[in-house]
Trainee: 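I have a structure I would like to understand better, so I am pasting it below and will then ask my questions one at a time.
Everything numeric in this text was worked out from a predicted model, so none of it was measured. First listed ligand is number 1; within each ligand, the first listed atom is number 1.
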Amino acid sequence: MNVAVTAVEIKPFAPQNDEACQQRIRAAKEKLGDRLLILGHHYQREEVFQHADCSGDSLKLSRMAAASNADYIVFCGVHFMAEVADILTRPDQVAILPDLAAGCSMADMANLAKVEKAWRELSQVLGNADEKITPVTYINSAADLKAFCGRHNGIICTSTNAKNVLEWSFSQREKILFFPDQHLGRNTAFTMGVGLDEMVVWDFDLPMGGLTEDEILNAKMILWKGFCSVHQMFHPEHVDRFLEKYPDGKVISHPESSFEVCQKSHYVGSTEYIINTIRDAEPNTRWLVATELNLVNRLAQQYRHENKIVQFMAPTVSMCSTMFRINASQLADVLESLVDGKVVNQIKVAPQEAEQALLALNRMFEVSP
Ligand code: 13P
Ligand code: SF4
């Protein structure tokens with residue numbers, strides 16, 4: 001994991017009986033009242049998710065954090081989400097991640113040293129990269145990469161606003177360096193009319209990203225070679241098999257899925273979009289969903305009474321292991337510590353980094369739907 005944070009304290013957690021934990025969480029929430037806001041990403045396991053005051057995708061949750069007056073924002077999600085909450089809140093508000101090891105493997109595929117190296121190498125080919133390229137980081141990235149985008153006149157995107165962000169980015173400069181998720185970059189740019197032949201993949205382990213000068217000169221989108229290990233489990237054959245069996249079925253995918261899967265899907269969008277689309281669908285419909293298993297299981301349960309059949313796309317279990325790290329016992333422990341006046345597992349972004357990252361976040365909010 002990138003280390004742009006200072007953790008105040010790491011508390012050892014002992015796993016505990018489920019119902020007892022649920023009681024402890026409820027009691028601590030009651031005592032903390034409106035001094036506490038628990039935010040829960042849709043991929044959280046049920047025992048944690050049920051205690052969230054607000055749930056959402058990355059964009060919605062960051063807006064919730066920004067609007068909150070609570071002293072403590074406990075983020076049941078992953079590391080970059082808690083960093084964003086810290087950046088968007090006042091210095092006296094505290095962002096907490098119940099398990100400090102809950103990172104995002106995709107976010108870890110880009111780091112500042114590699115992005116700065118790419119920027120230098122791109123400048124060798126294009127002249128000053130700042131004049132030619134808008135750096136765009138997916139919100140799934142460490143705070144120092146958000147700060148990089150802030151100081152290089154770049155921007156941040158989420159799966160909800162990627163199209164608006166890319167439109168803004170192309171209005172500023174002729175090329176985009178998009179990191180860390182190649183799939184979100186490719187899927188979004190393609191829907192805007194950028195051809196696959198205008199996109200190249202930057203292999204961060206190779207000199208010049210493994211590209212020739214001509215490839216760099218001709219590219220509009222330079223896509224970092226990152227991906228999500230959960231969404232790479234979905235394949236176009238899964239869609240084909242489903243539609244052969246259920247020709248009236250609908251396919252909905254998160255844009256971190258591959259280009260081939262997204263091309264074969266009826267709908268593509270963020271976790272919140274997936275939820276809303278299935279919620280608003282006619283009863284008696286069948287859905288194949290390419291996103292994390294906890295969310296798909298929740299949807300299947302939630303809409304069973306309307307006879308909506310919601311299926312997970314991959315034949316194997318594919319959960320986000322880092323999202324899954326946070327359990328009820330850990331949540332109970334951090335909340336009880338707060339009741340005792342003790343902050344544990346705080347996520348704090350260094351002030352200068354936060355200031356620069358905020359520039360890029362604010363640009364994102366300005367262009368977001
Ligand atoms: P959303 O912003 O769509 O919830 O996506 C976050 C994420 O990490 C998906 O893998
Ligand atoms: Fe990161 Fe993928 Fe997990 Fe989302 S599902 S938090 S992108 S590893």
Trainee: Does this structure show an ion pair linking Lys225 with Asp205, if we count only N-O contacts that are shorter than 4.0 Å?
Mentor: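 Judged by the 4.0 Å cut-off on N to carboxylate O distance, Lys225 and Asp205 do not form a salt bridge.
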Trainee: Which ligand 1 atoms, with their elements, are less than 4.0 angstrom from a heavy-atom of Glu256?
Mentor: 7 (C), 8 (O), 9 (C), 10 (O)
Trainee: Kindly write out the residues that satisfy side-chain contact (heavy atoms from CB on, under 4.5 Å) with Arg241, not counting sequence neighbours, or none if the list is empty.
Mentor: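 With sequence neighbours excluded, Arg241 shows a side-chain contact (heavy atoms from CB on, under 4.5 Å) to Glu237, His238, given in chain and number order.
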Trainee: Show the atoms of ligand 1 that are less than 4.0 angstrom away from any heavy atom in His41.
Mentor: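 With His41 as reference, the close atoms of ligand 1 come out as 1 (P), 4 (O), 6 (C).
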Trainee: Please report how many protein N/O/S atoms lie under 2.8 Å from atom 3 (Fe) of ligand 2.
Mentor: 1
Trainee: Taking side-chain contact (heavy atoms from CB on, under 4.5 Å) as the definition, give me every residue that meets it alongside Asn307, ordered by chain and number, with sequence neighbours left out.
Mentor: Asn284
Trainee: Taking the ring of Phe179 and the ring of Trp202, is the distance between their centroids below 6.0 Å?
Mentor: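 That pair fails the under 6.0 Å test.
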Trainee: Can you sort out the partners of Glu116 under side-chain hydrogen bond (donor to acceptor under 3.5 Å, both in side chains), two or more places apart, ordered by chain and number?
Mentor: Arg151
Trainee: In terms of atom number and element, which parts of ligand 1 are under 4.0 angstrom from non-hydrogen atoms of Tyr43?
Mentor: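 So the answer, numbered in order with elements, is 9 (C), 10 (O).
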Trainee: Between Arg26 and Glu19, is there a salt bridge with N-O shorter than 4.0 Å?
Mentor: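 Yes, this pair counts.
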Trainee: With atoms numbered from 1 as shown, which atoms in ligand 1 lie under 4.0 angstrom from a non-hydrogen atom of Ser159?
Mentor: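 It comes down to these atoms of ligand 1: 1 (P), 2 (O), 3 (O).
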Trainee: Side chain, backbone, both or neither: which part of His254 comes within less than 4.0 Å of ligand 1 when only heavy atoms are counted?
Mentor: side chain
Trainee: Looking at Ser270, Ser368, Ser58, which one forms a side-chain hydrogen bond (donor to acceptor under 3.5 Å, both in side chains) with Asn161?
Mentor: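 The residue from Ser270, Ser368, Ser58 that satisfies side-chain hydrogen bond (donor to acceptor under 3.5 Å, both in side chains) with Asn161 turns out to be Ser368.
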Trainee: Suppose I only count heavy atoms of His231 and a 4.0 Å limit; which atoms of ligand 1 are within that range?
Mentor: 10 (O)
Trainee: Salt-bridged, Lys117 to Glu121, with N to O below 4.0 Å?
Mentor: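 Counted as a salt bridge, because a side-chain N and a carboxylate O are separated by less than 4.0 Å.
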